[in-house]
Amino acid sequence: MQESIKHHLEQKSVGYETVIKAWVKTKRQSKNVAFLALNDGSTIKNLQAVIELTPETEALLARIHTGASVEVHGKLVESAGAGQQNELMASQLIILGEADPDHFPIQPKKHSLEFLREHAHLRFRTNLFGAVTRVRHSMIYAIHSFFNERGFYNVHTPIITASDAEGAGEMFQVTTLDLDKLPRTEDGKIDFSQDFFGRAANLTVSGQLEAELAAMALSKVYTFGPTFRAENSNTSRHLAEFWMIEPEVAFADINDDMDLAEGLLKYCVRYALEHCADDLAFLSERLTNEEKALPEADRSMELIEKLKFVMDNDFVRLTYTEAIDILKNSTPNKKKKFNYIIESWGADLQSEHERYLVEKHFKKPVILTDYPKEIKAFYMKLNEDGKTVRAMDILFPGIGEIVGGSQREENYEKLVQRMKEMHIPIDEMSWYLDTRRFGTVPHAGFGLGFERLLLFVTGMGNVRDVIAFPRTPKNCEF
RNA sequence: UCCUCUUUAGCUCAGUUGGUUAGAGCACCUGACUGUUAAUCAGGGGGUCCUUAGUUCAAGUCUAAGAAGGGGAGCCA
């Protein structure tokens, strides 16, 4: 394998012969010499190949356009031009694959994100998606490092599950039955006993319940896997297939949970700042240009400044009840500027309320805790007041909920009581209830939406642009 | 699913109160230029104005329906 362009650009001692295989970003030509900006994805920076014009090279250069793949032999030298440290003085130029500019959609110009989404198979080749893909990789790596350094074990929870009782959203059904000839039982219902698993099965909407099982033996575990929600959600923050990080910690309470989540987010941001400087600089510039047209008040903080701010400042922690008080007395609530006016305790918080708290009132990430039990999931631990549960949501500026978690109800009777109240089928969940039957312990966990984290770190505005092949309603291309 | 906006050259867009042959930048082709930084300069080719129906002497422009896409909301991560 060849040494990367990143490696060549970082070389201090030059003057040696080398070979570069890469894709052409741009070609510039003048009377005696041509320049190819070469990129192999190892860095956002290009290596410039300098090619003397001869009848032979001119014929080759005529066939080389943006997107072509080439092999260039030559000597790595300090650049005579201003834009870069090192460059490649070519002695031999070989075309590996042409890219006909009449048909290759990616041209050296600004494309809209919508256009690139329709060409998702080629958008890796843009500077933007190169940067996003590298940052995405770094965040995957950072997450595993964070947990590994803290003694967590990664567990793979099932993708296919027969449990439909988690209440986390609409599910995709998995079946091998012939949909044109569905087997029926005597009372006319579909006979799932003839299906592959002998029962109805779905794609998972969360690995949490299985992660809890593992935490009851290994103490500190986390999952990092794909998650599927068949919701008809059409927003910049939702995907039908997304990736989620779900730690689960035994002998931990809600405060440990918040510390863990805040620590993880800051670790990721620090990792990005330390390891993705070139890509973040590019992403920052993109964001600034993107927002130039906006009035100053609507522009976001400069990307790197924003990341440092989040890394260096404690998140605000307050209870749902305190948040309701702030919202009730807020100017937009009094002037009836909210679409949903906060009138009393118990109301579910809408996006506009979360955004007010994060973006206007506190101007920093906020952790909201102790929500009314009615608006939260069955497994969350009931507080002494009997009204609220030990839930915690982390809200980020521009994104909203990035983490949702809780201390779990470890008391068997209380959990069963909550399941009955919320019509969760208890007999199907006996395996889950066994955690509370045998050696139950206080424990807590959360779910972090990976693509939402990437929105924050990259400054992108739509989760469809931080995952290679987004799955959304009516869209399963590629 | 609801609200709202958009759809004009390969791409990004402009197109006046409805009026002659629908424009620009980038990309492409030709030429010029002594090392360029998404090079520059000059010239050239390139159009089912999303679809259908309607109003009108006349529709890219107005009306209706549909399609695709964006943004916001709900649900959530």
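In what follows, every heavy atom counts, from backbone to side chain, and hydrogens, waters and symmetry copies are set aside. Letters go in sequence order (proteins before strands), and every chain restarts at 1.
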Kindly confirm whether the side-chain ring of A/F242 is stacked on the base of B/A77, judged by centres under 5.5 Å and planes under 30°.
-> yes

Looking only at atom [atom1], what distance separates [N] and [M], rounded to whole Å?
| N | M | atom1 | result |
| --- | --- | --- | --- |
| B/G18 | B/G72 | P | 33 Å |
| B/C41 | B/G25 | C1' | 15 Å |
| B/U48 | B/A67 | C1' | 16 Å |
| B/A22 | B/G46 | P | 12 Å |
| B/A59 | B/G19 | P | 11 Å |
| B/G23 | B/G60 | C1' | 12 Å |
| B/G69 | B/U12 | P | 15 Å |
| B/C29 | B/G70 | P | 32 Å |

Hey, is [X] close enough to [Y] for a salt bridge, meaning N to O under 4.0 Å?
| X | Y | result |
| --- | --- | --- |
| A/R123 | A/D465 | yes |
| A/R286 | A/D279 | no |
| A/E409 | A/R390 | no |
| A/E421 | A/R418 | yes |

Can you tell me which nucleotide in [options] comes closest to the side chain of [X]?
| X | options | answer |
| --- | --- | --- |
| A/L239 | B/A73, B/A77, B/A39 | B/A77 |
| A/P108 | B/C29, B/C75, B/A27 | B/A27 |
| A/T26 | B/A38, B/C75, B/G70 | B/A38 |
| A/Q48 | B/G71, B/G35, B/A73 | B/G35 |
| A/K31 | B/U36, B/G69, B/U34 | B/U34 |
| A/R229 | B/U34, B/C75, B/C76 | B/C76 |
| A/H65 | B/C28, B/G35, B/G69 | B/C28 |
| A/F35 | B/G71, B/G35, B/U1 | B/G35 |

Closest-nucleotide ordering on RNA chain B, the 5'-leading residue of A/H238 and A/N462 |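 The answer here is A/N462.
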
Along RNA chain B (nearest heavy atom to each residue), the more 5'-positioned of A/N475 and A/Q350 = A/N475

Find the distance [X]:[atom1] to [N]:[atom2] and express it as a whole number of Å.
| X | N | atom1 | atom2 | value |
| --- | --- | --- | --- | --- |
| A/R471 | B/C76 | CZ | P | 25 Å |
| A/E352 | B/G74 | CD | P | 7 Å |
| A/M89 | B/U36 | CE | C1' | 13 Å |
| A/I375 | B/G74 | CD1 | C1' | 15 Å |
| A/Y340 | B/C75 | OH | P | 8 Å |

Using a cut-off of 4.0 Å on non-hydrogen atoms, how would the nucleic acid contact of [X] be classed: base, sugar-phosphate, or nothing?
| X | result |
| --- | --- |
| A/S30 | base |
| A/H103 | nothing |
| A/E451 | nothing |
| A/G447 | sugar-phosphate |
| A/V463 | nothing |
| A/E87 | base |
| A/K45 | nothing |

Residue pair A/R229 / A/T227, side-chain donor-acceptor N/O under 3.5 Å =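 Note: A/R229 and A/T227 side chains miss the donor-acceptor criterion.
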
Pair assignment for B/A67, Watson-Crick or G-U wobble, requiring both distances under 3.5 Å =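 B/A67 is paired with B/U7.
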
Return yes if the base of B/U1 and the side-chain atoms of A/N234 contain a donor-acceptor N/O pair under 3.5 Å, otherwise no.
->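 Check passes, donor-acceptor contact within cut-off.
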
Hey, does the side-chain of A/S233 have a donor or acceptor N/O within less than 3.5 Å of a partner on the base of B/C75?
->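 A donor-acceptor contact between them is present.
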
Row check, A/F315 ring normal vs A/K266 NZ/CZ: under 6.0 Å, within 45° | yes

Relative to the ring of A/H111, is the ring of A/F115 parallel (under 30°), tilted (30 to 60°) or perpendicular (over 60°)?
->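 Answer is parallel, since the angle falls under 30°.
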
Give me the ring orientation class for A/F338 and A/H353: parallel if the planes are under 30° apart, tilted from 30 to 60°, perpendicular past 60°.
->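 Judged by the thresholds at 30° and 60°, the geometry between A/F338 and A/H353 is perpendicular.
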
Hey, does the side chain of [X] come within less than 4.0 Å of [N]'s phosphate (OP1/OP2), counting only N and O?
| X | N | result |
| --- | --- | --- |
| A/R237 | B/C75 | no |
| A/R28 | B/U36 | no |
| A/S79 | B/G35 | no |
| A/S112 | B/U12 | yes |
| A/N232 | B/U1 | yes |
| A/R464 | B/G69 | no |
| A/S236 | B/G70 | no |

Between A/G74 and A/L88, what is the shortest heavy-atom contact and its length?
-> C-CD1, 3.7 Å

